[in-house]
Amino acid sequence: MLRTAILIALGAFTFGLGSNALSIAQSTSNFEKRNFNYDEWTKGKFSEVVTVTNPGKFIFLAGIGPEREGDGKIVHEGNFMEQCRYAYMKIKKLLDAQGATVSDVVRIMTYTTDVRFFQDALKCRAEAFGSAPIPASTFLVVSQLAWPNMAIEVDVTAMLAK
């Protein structure tokens, strides 16, 4: 139990890949989004702080996972990476429907059912974000997700100037 709590806390503090010490993802009129890293060890892993000044539109995505579009059936059972890639494909599609991209994401909460998925989750997220700054991020391990055979669910918050 203590080991699990320590692993969860470690994941929450270390989840991330590729972000700059300070990067501006978007800046129009008075709107400004900035990513900050104050400790050297966090650089390239996650943004310690994301600030948004004068946001115009908040976008909150529900927990997005490997539920197939159309019927909700879980896809890629037993394959964490493909479930993760599917979830991020849906996230990008939903953001696009709101006029946003992954560059507009300010916070991610990633839920998995096994701490051994941690490194794969980092790799999958890095693929999805490409060169976009990595937002403030938390990684949590839970006993079960909403549906049997789900291995990942990602909760996303984004902000736009408009």
Side-chain angles (χ1 to χ4, degrees), residues 1-26 32-53 55 57-67 74 76 79-95 98 100-147 149-160:
M1 184 78 143
L2 179 60
R3 182 173 183 259
T4 301
I6 291 170
L7 289 173
I8 290 171
L10 177 63
F13 286 107
T14 62
F15 187 64
L17 287 175
S19 117
N20 298 327
L22 169 64
S23 63
I24 300 173
Q26 50 176 296
E32 184 177 68
K33 174 185 168 269
R34 299 176 110 183
N35 297 60
F36 296 91
N37 288 81
Y38 296 101
D39 279 325
E40 284 299 315
W41 75 270
T42 66
K43 292 179 182 174
K45 294 179 178 63
F46 61 94
S47 294
E48 288 182 275
V49 176
V50 176
T51 62
V52 178
T53 305
K57 181 177 183 179
F58 289 76
I59 302 167
F60 301 94
L61 300 188
I64 306 299
E67 304 96 341
I74 303 304
H76 308 294
N79 186 328
F80 177 83
M81 282 299 288
E82 289 307 311
Q83 283 196 6
C84 186
R85 287 181 181 122
Y86 191 82
Y88 275 105
M89 178 275 300
K90 289 176 24 182
I91 288 166
K92 288 179 177 183
K93 190 173 182 179
L94 292 167
L95 288 170
Q98 293 296 318
T101 70
V102 292
S103 291
D104 303 309
V105 174
V106 296
R107 179 115 175 98
I108 290 179
M109 301 256 319
T110 302
Y111 301 87
T112 66
T113 56
D114 191 325
V115 73
R116 292 175 290 185
F117 296 144
F118 179 68
Q119 293 300 322
D120 285 340
L122 295 177
K123 179 181 175 185
C124 178
R125 189 187 64 192
E127 288 174 8
F129 273 76
S131 63
I134 300 298
S137 305
T138 301
F139 181 85
L140 297 168
V141 178
V142 297
S143 61
Q144 184 176 333
L145 293 165
W147 304 104
N149 301 310
M150 282 180 74
I152 186 167
E153 191 168 342
V154 184
D155 183 336
V156 175
T157 303
M159 294 184 183
L160 292 175

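The closest side-chain heavy-atom distance from H76 to R85 is not below 4.5 Å. The closest side-chain heavy-atom distance from V141 to F118 is not below 4.5 Å. The side-chain heavy atoms of Q119 and K123, taken from C-beta on, include no pair separated by under 4.5 Å. In this structure, I59 and D104 have side chains that are not in contact, with every pair of non-hydrogen atoms separated by 4.5 Å or more. In this structure the side chain of T101 never reaches within 4.5 angstrom of the side chain of L95, judged on heavy atoms.
For the ring-ring contact (aromatic ring centres under 6.0 Å, His included) test, residues two or more places apart in sequence or in another chain that qualify with F80 are F117. R107 pairs by the salt bridge (charged side-chain N to carboxylate O under 4.0 Å, His left out) definition with nothing, not counting sequence neighbours.
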(message) E67 vs M150, test: side chain to side chain contact (heavy atoms under 4.5 Å, CB included). Steps then yes/no.
(response) CA-CA 8 Å; E67 304 96 341; M150 282 180 74; 3.4 Å; yes
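Note that CG of L122 and SG of C84 are 9.5 Å apart. Values are rounded to the nearest 0.5 Å. Distance OH/Y86 to CD1/I152: 14.0 Å, rounded to 0.5 Å. Taking CD from E153 and OG1 from T110, the interatomic distance works out to 10.0 Å, rounded to the nearest 0.5 Å. Between atom CD1 of residue I91 and atom CD1 of residue I108 there is a gap of 6.5 Å, rounded to the nearest 0.5 Å. Of the inter-residue distances, the one linking T157 atom OG1 with M159 atom CE reads 7.0 Å to the nearest 0.5 angstrom. The distance from the CG atom of D155 to the OH atom of Y111 is 5.5 Å, given to the nearest 0.5 Å.
A donor-acceptor pair under 3.5 Å is formed between the side chain of Q83 and the backbone N or O of A151. With hydrogens and angles ignored, the 3.5 Å screen pairs a side-chain donor or acceptor of K90 with a backbone N or O of G65. For N35 (side chain) and I134 (main-chain N/O), a donor-acceptor pair under 3.5 Å exists by modelled atom type. Not one N or O on the side chain of K33 forms a donor-acceptor pair closer than 3.5 Å with the backbone of A158. When atom types are taken as modelled, the side chain of K92 and the backbone of A128 share a donor-acceptor pair closer than 3.5 angstrom.
Between F129 and V102, the shortest heavy-atom contact is CE2-O, 3.3 Å. Among all heavy-atom pairs drawn from I74 and N149, the shortest one is CG2-O, 3.6 Å. Between L94 and I64, the shortest heavy-atom distance links the atoms CD1-CD1, 3.5 Å.
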